[in-house]
Amino acid sequence: MKLKTYLFLSLITFFYGCSKESDSKIQTGSIEVSVLIEENNEPVFDAVVSINSIAKEEVSGVEGTVLFSNVEVGSYEISVEIPFSTTFIKQIVTVENNKTTNVIILVDGPSVVTPDELDIDKLLDASYGSLVTESIFGASGYASIWGDIGSDILTSNSSNALIRKLDNYEFSSTDRSIEDIWTNHYIVIRNANIGIDAIENSEFISELNTDENVAKAQFKFLRALVYFNLVKLFGNPVLVASADVSQSNNPVIQDPIKVYQLIEEDLIFAENNLEDSNLKSKASKSAAQALLGKVYLQMAGFPLLQNDKYAKALEQFSKLDGKYTLETEYKTNFEAEKVNASNEVIFSIDFSLPGNSNVWDWNYWGPLGVSERDFYLLTTGFVKSYFKSSNDLISPITFPLDTDDTRFFENIASFKSQNDITTNAENSDDWRPYKFSESYQKGVPYHLPFLRYADVLLMIAEAENAINGPTAKAYEAVNLVRRRAFGNTDNDLNTGLSQEAFLDIILNERRLELCYEGHRKDDLVRTQKLQSVIENYNTSNPQNTKNYQPYKYIFPIPQIEINLNPGVNQNDGYL
């Protein structure tokens, strides 16, 4: 089967070129870019080449070449995005008057897709591999930049200006980090759309003889996963449901309701066409069910406030009954070699995929003196949450520590290292985030447990509480998580709590259980607690306040996207 020539755009399928009338008084030249495979000089088909500052973009054809004409004289940064991979190349070029500047971009390794055929198995592998980029599920992305910093768990170490800027809500639409988050998510969406379109048009091959509905379900799961990220992060992402350029004349769709509708449809299709397996790094029936339940819970809260979705969330979570249970030991969830045998992990992001350059991405944090980067500090309030009395943290701290919550010892390094000598840190300011850090210390590939049963239990409690108040079912769900943490029933919740008090307990339990796994800010936005949490943080930390405003619960749409696509609207509050 042949693959028809698709036009792939760097961010979204809809492209409105920003061409410029040639002015005889302005000196101009041209740029010709050839994208070739380094090993054999074969052309790279459908590479996306952009001139960033003037919003020009072209896609390479079968000869691997693009031409930009009528470019004003000067120096420019060009970006080259390689199809079906995470390769993103930048180079400075100079344009001279009435001359063509020839640029050759050499790519290390073959492109996944040729003009003649699309192998959906290779495209799927490339799409899963794209999830581990730093601005998606890497340690400097999901689990920290928009997961736990900017709230009340992690804060930026002053040595890193970029993270400090995001943590303090001082970001803007021109920030490179915001652009990277947007762009890399749309790379996954583009790949998923290409795969789905190819299957629907019977224009693909599968060397592994993969069932086409199974492959389509995998692509739809991936598309739903990254769109769920985007709609939470940006509020109004652009909806692109096809790779076919015939839609390029359609109006831009920027509607969170329609984005959620696509996510729902994709996950229902995935649920109906996938089976369960022990391979936790690929989509499965249970993963689709759990993710759809998580989506419904988010829709029930702010900003959509669709209360009927609480019942739908519970319906999805009930499908997991009997399939999963909590692991006996909390730390088991973060030991890479045990992930696929886990009774608790439902879906994980695999940092050991072939060709992944981010295996060691998690050295962003770890014990003081051990972490290579030491980018993140712990908030005092978060550390205190594990202790019965804040007096236990008065320096110098006495060891052994007086906490019965076993999660503390997996989540927080209360020790430091100097000259290969490890000692207890008697000042809690020297304590650091610890979960996952053993992976790179021991040279073990890492897995991020994106969906696990403890998360599901706490979401069941939240949905049940929203519908019926703190019922016995809601109490039991929270207590199951606490019993694993404390090793007994002595710390079960006292009954008789109000609906609001019970919600606060659920949110704190999620903070203690799921820290550094990327859920905290979503939890606070959904339950309309983010502003009050930040205000409390600012009161306790006047030396390092966050410049939060209500509209900043979402990021701005990147200006580079608006430049490329005039039909895209900026989020309210951002210039």
Side-chain angles (χ1 to χ4, degrees), residues 147-148 151-153 228 232 256 260 289-321 326 381-382 384-386 388 405 407 451-486 489-515 517-537 539-540 548 550 553:
D148 285 354
S151 61
D152 58 348
I153 293 180
F228 188 39
K232 291 181 296 179
Y260 271 113
Q289 292 166 338
L291 182 55
L292 184 53
K294 196 175 188 71
V295 168
Y296 283 143
L297 187 67
Q298 203 72 26
M299 295 175 73
F302 181 81
L304 298 188
L305 299 174
Q306 296 182 354
N307 291 336
D308 62 304
K309 296 300 190 297
Y310 284 119
K312 283 183 169 291
L314 287 175
E315 180 183 353
Q316 287 301 120
F317 296 142
S318 69
K319 297 175 182 179
L320 303 171
D321 288 348
L326 296 180
F382 174 62
K384 287 180 178 178
S385 298
Y386 286 100
K388 296 177 182 177
D405 192 333
R407 294 172 297 194
L451 293 167
R452 58 187 180 91
Y453 195 57
D455 182 12
V456 170
L457 286 171
L458 295 173
M459 289 191 290
I460 288 172
E462 183 178 334
E464 180 70 17
N465 182 57
I467 297 172
N468 303 309
T471 61
K473 179 179 180 180
Y475 272 102
E476 181 64 12
V478 177
N479 285 334
L480 283 172
V481 176
R482 292 179 62 82
R483 288 167 194 164
R484 196 251 306 269
F486 292 95
T489 61
D490 297 343
N491 291 276
D492 282 9
L493 299 178
N494 294 323
T495 58
L497 294 168
S498 68
Q499 189 177 45
E500 184 65 21
F502 192 73
L503 175 60
D504 287 339
I505 284 179
I506 292 171
L507 291 175
N508 187 58
E509 202 63 39
R510 290 181 63 81
R511 180 170 71 149
L512 300 175
E513 174 75 23
L514 303 171
C515 61
E517 295 177 50
H519 303 289
R520 181 59 173 170
K521 199 178 295 181
D522 290 343
D523 292 346
L524 296 176
V525 170
R526 179 178 69 249
T527 58
Q528 302 183 75
K529 302 279 189 181
L530 181 60
Q531 183 165 345
S532 62
V533 163
I534 292 176
E535 288 173 352
N536 290 336
Y537 173 87
T539 299
S540 301
Y548 179 78
Y553 78 93

S.K.: Any side-chain heavy atom of Q298 within less than 4.5 Å of one from F228?
M.R.: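 In short, these two side chains touch, coming nearer than 4.5 Å.
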S.K.: For D321, what residues pass the side-chain contact (heavy atoms from CB on, under 4.5 Å) criterion, not counting sequence neighbours?
M.R.: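 In terms of side-chain contact (heavy atoms from CB on, under 4.5 Å), with neighbours along the sequence ignored, D321 is linked to S318, Y453.
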S.K.: So do the side chains of L507 and R520 get within less than 4.5 Å of each other, counting heavy atoms only?
M.R.: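 Yes; the side chains approach each other to less than 4.5 Å.
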S.K.: Take N479 and T489 through the test side chain to side chain contact (heavy atoms under 4.5 Å, CB included) and record every step on the way to the result.
M.R.: CA-CA 8 Å; N479 285 334; T489 61; over 6 Å; no
S.K.: Where do A485 and R407 come nearest, in terms of heavy atoms and distance?
M.R.: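 Answer, listing the atom of A485 first, then R407: CB-NE, 3.3 Å.
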S.K.: Please round to the nearest 0.5 Å and tell me the distance separating atom CG of L503 and atom CG of L497.
M.R.: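 Between L503 CG and L497 CG, I get 11.5 Å after rounding to 0.5 Å.
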S.K.: For the residue pair I506 and T527, establish whether any side-chain heavy-atom pair is separated by less than 4.5 Å.
M.R.: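 SC-SC contact between I506 and T527 ruled out.
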S.K.: Which salt bridge (charged side-chain N to carboxylate O under 4.0 Å, His left out) pairs, counting each pair once, include a residue from residues 461-478, with sequence neighbours left out?
M.R.: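 Sorted result for residues 461-478: E462-R526, E476-R483.
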S.K.: Please name all residues satisfying salt bridge (charged side-chain N to carboxylate O under 4.0 Å, His left out) with R484, sequence neighbours left out, ordered by chain then number.
M.R.: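 Counting only residues at least two positions away or on another chain, R484 forms a salt bridge (charged side-chain N to carboxylate O under 4.0 Å, His left out) with E344, E513.
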S.K.: Any idea which heavy atoms bring S151 and L524 closest together, and the distance?
M.R.: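 Of all heavy-atom pairs spanning S151 and L524, the closest is CB-CD1, 3.9 Å.
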S.K.: List the residues meeting ring pair (Phe, Tyr, Trp, His ring centres under 6.0 Å) with Y537, not counting sequence neighbours, and say none if there are none.
M.R.: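 For Y537, no residue satisfies ring pair (Phe, Tyr, Trp, His ring centres under 6.0 Å) once neighbours in sequence are set aside.
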S.K.: Excluding sequence neighbours, so at least two apart, what forms side-chain contact (heavy atoms from CB on, under 4.5 Å) with N536?
M.R.: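 For N536 there are no side-chain contact (heavy atoms from CB on, under 4.5 Å) partners, ignoring immediate neighbours.
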S.K.: Sequence neighbours left out, what passes side-chain contact (heavy atoms from CB on, under 4.5 Å) with I467? Give chain and number order.
M.R.: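 Partners of I467 by the side-chain contact (heavy atoms from CB on, under 4.5 Å) criterion, ordered by chain and then number, come out as Y310, A311, L314.
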S.K.: Taking all non-hydrogen atoms of both residues, which atom of D148 and which atom of C515 are closest, and how far apart?
M.R.: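 The answer is OD2-C, 3.5 Å.
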S.K.: Quick one: are H519 and K294 in side-chain contact, heavy atoms under 4.5 Å?
M.R.: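 When only atoms from C-beta onward are counted, K294 and H519 do touch, with a gap below 4.5 Å.
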S.K.: What's the separation between atom CG in L480 and atom CG in D492, rounded to the nearest 0.5 Å?
M.R.: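 Spacing of CG (L480) from CG (D492) equals 8.5 Å.
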S.K.: Taking R482 for its side chain and D490 for its backbone only, find out whether a donor-acceptor pair lies under 3.5 Å.
M.R.: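 Not confirmed, R482 side chain does not pair with D490 backbone.
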S.K.: Can you sort out the partners of Y475 under ring pair (Phe, Tyr, Trp, His ring centres under 6.0 Å), two or more places apart, ordered by chain and number?
M.R.: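 Y475 satisfies ring pair (Phe, Tyr, Trp, His ring centres under 6.0 Å) with F502 once adjacent residues are dropped.
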S.K.: With sequence neighbours left out, write down each residue that passes side-chain contact (heavy atoms from CB on, under 4.5 Å) with E535, or none if nothing qualifies.
M.R.: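 So E535 forms a side-chain contact (heavy atoms from CB on, under 4.5 Å) with Q531.
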S.K.: Do the side chains of D152 and F382 get nearer than 4.5 Å, heavy atoms only?
M.R.: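 No, too far: nothing below the 4.5 Å cut-off.
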S.K.: Nearest 0.5 Å, please: how far is CG in L305 from CG in N307?
M.R.: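 It is 6.5 Å, given to the nearest 0.5 Å.
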S.K.: Roughly how far, to the nearest 0.5 Å, is the OH atom of Y553 from the CG atom of D522?
M.R.: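 If I round to the nearest 0.5 Å, the distance is 12.0 Å.
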S.K.: So, using salt bridge (charged side-chain N to carboxylate O under 4.0 Å, His left out) as the criterion, who are the partners of K529 when residues are at least two apart?
M.R.: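 K529 satisfies salt bridge (charged side-chain N to carboxylate O under 4.0 Å, His left out) with E500, D504 only.
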S.K.: Where do N508 and S385 come nearest, in terms of heavy atoms and distance?
M.R.: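 Closest heavy-atom pair between N508 and S385: OD1-OG, 3.9 Å.
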S.K.: In chain order, what residues pass the salt bridge (charged side-chain N to carboxylate O under 4.0 Å, His left out) check against K388, with sequence neighbours excluded?
M.R.: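 Salt bridge (charged side-chain N to carboxylate O under 4.0 Å, His left out) check on K388 returns D404.
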S.K.: Applying salt bridge (charged side-chain N to carboxylate O under 4.0 Å, His left out) as the test, list every pair that has at least one member in residues 298-314; sequence neighbours left out.
M.R.: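 Every pair satisfying salt bridge (charged side-chain N to carboxylate O under 4.0 Å, His left out) with a residue in residues 298-314: there are none.
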S.K.: Which heavy atom in A477 sits nearest to a heavy atom in L457, and how many Å separate them?
M.R.: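 Smallest interatomic distance, heavy atoms only, reads CB-O, 3.3 Å.
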S.K.: Could you walk me through whether Y548 and L530 pass side chain to side chain contact (heavy atoms under 4.5 Å, CB included), step by step?
M.R.: CA-CA 10 Å; Y548 179 78; L530 181 60; 3.6 Å; yes
S.K.: According to salt bridge (charged side-chain N to carboxylate O under 4.0 Å, His left out), who are the partners of R510, at least two apart in sequence or on a separate chain?
M.R.: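 For R510, the residues satisfying salt bridge (charged side-chain N to carboxylate O under 4.0 Å, His left out) (neighbours in sequence not counted) are D455, D523.
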S.K.: To the closest 0.5 Å, what do you measure between CE (M459) and CZ (F317)?
M.R.: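 Reported to 0.5 Å precision, the distance equals 3.5 Å.
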S.K.: Can you see which heavy atom on L493 is nearest to which on V478, and at what distance?
M.R.: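 Closest heavy-atom pair between L493 and V478: CD1-CG1, 3.6 Å.
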